[in-house]
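Remarks on the structure that follows.
Quick note: numbers below take in every heavy atom, side chains included, and nothing from hydrogens, waters or symmetry partners. Quick caveat, the model's predicted, so the values are computed rather than measured.
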Amino acid sequence: VQLQASGGGMVQAGGSLRLSCAASGANLQYYAIGWFRQVPGKEREGVSWISSSGTSKYYASSVKGRFTISRDNAKSTVYLHMDSLKPDDAAVYYCAARNSGYRTIVIPTVANQYPFWGQGTQVTVSS
């Protein structure tokens, strides 16, 4: 599966962005998707995850209540809607995919469990 992340940009604190992760080359209904982010000098951090069925969703405590993950399997796309953005949210955001079975509730949450990665999209939040 190939992943293409997009939607990043520059926004003021308190603003919103919607990231998209478009998948190709496979049936997305077999894949759990995770969003991770990384800033220079720091480890990659998990942000949000969604099962292949779309019925299970996890959020890191730092984004819970502000970010919403969703998926549109007909469009082979997973979204991360980010509200109330803070300067600490600034990072390169990556989407990743793992085959977890057809429409299951399984959600791997560790980065090294994901074999497929998109190229990343930059999010900048000004204070």
Kindly give the heavy-atom pair with the smallest separation between Glu43 and Gln38, and that separation in Å. C-NE2, 4.0 Å
In this structure, are over 12 heavy atoms from other groups packed under 6.0 Å from Lys57 atom NZ? yes
Donor-acceptor pair, Thr77 side chain versus Lys75 backbone, under 3.5 Å? yes
Linking I/L/V/M/F/W/Y whenever their side-chain heavy atoms sit closer than 4.5 Å, directly or via other members, would Tyr79 and Ile50 fall into one cluster? no
Nearest heavy-atom contact between Cys95 and Ala5 is SG-CB, 4.1 Å
Considering all heavy atoms, the nearest Tyr59-Phe67 contact: CE2-O, 3.1 Å
Tyr114: which other cluster members, linking ILVMFWY side chains closer than 4.5 Å, directly or transitively? Phe36, Trp49, Tyr58, Val92, Tyr94, Ile107, Trp117
Residues 6-34 side chain polar contacts: donor-acceptor under 3.5 Å, at least two apart:
unit_1 : atom_1 : unit_2 : atom_2 : d
Ser16  : OG     : Asp83  : OD1    : 2.6
Asn27  : OD1    : Gln29  : N      : 2.9
Gln29  : OE1    : Arg103 : NH1    : 3.1

Can you tell me how far CZ of Arg44 sits from CG of Asn112, rounded to the nearest 0.5 angstrom? 11.0 Å
Apart from Val39 itself, which Ile, Leu, Val, Met, Phe, Trp or Tyr residues share its cluster (side-chain heavy atoms under 4.5 Å, direct or through members)? none
In terms of heavy-atom contacts, Ala91 and Gln122 come closest through O-NE2, 3.4 Å
Pairs flagged by ring pair (Phe, Tyr, Trp, His ring centres under 6.0 Å) wherever residues 5-27 is involved - sequence neighbours left out: none
Go through the structure and list residues passing salt bridge (charged side-chain N to carboxylate O under 4.0 Å, His left out) with Arg66, not counting sequence neighbours. Asp89
Spatial distance of atom CG (Asn73) from atom OG (Ser53) [nearest 0.5 Å]: 9.0 Å
Residue pairs meeting salt bridge (Lys or Arg N to Asp or Glu O under 4.0 Å), one or both in residues 45-55, sequence neighbours left out, come to Arg37-Glu45
Looking at CE of Met82 and OG of Ser48, how far apart are the two atoms once the value is rounded to the nearest 0.5 Å? 11.0 Å
Identify the two heavy atoms, one from Arg71 and one from Ser52, that lie closest to each other, and give their separation to 0.1 Å. NH1-CA, 3.4 Å
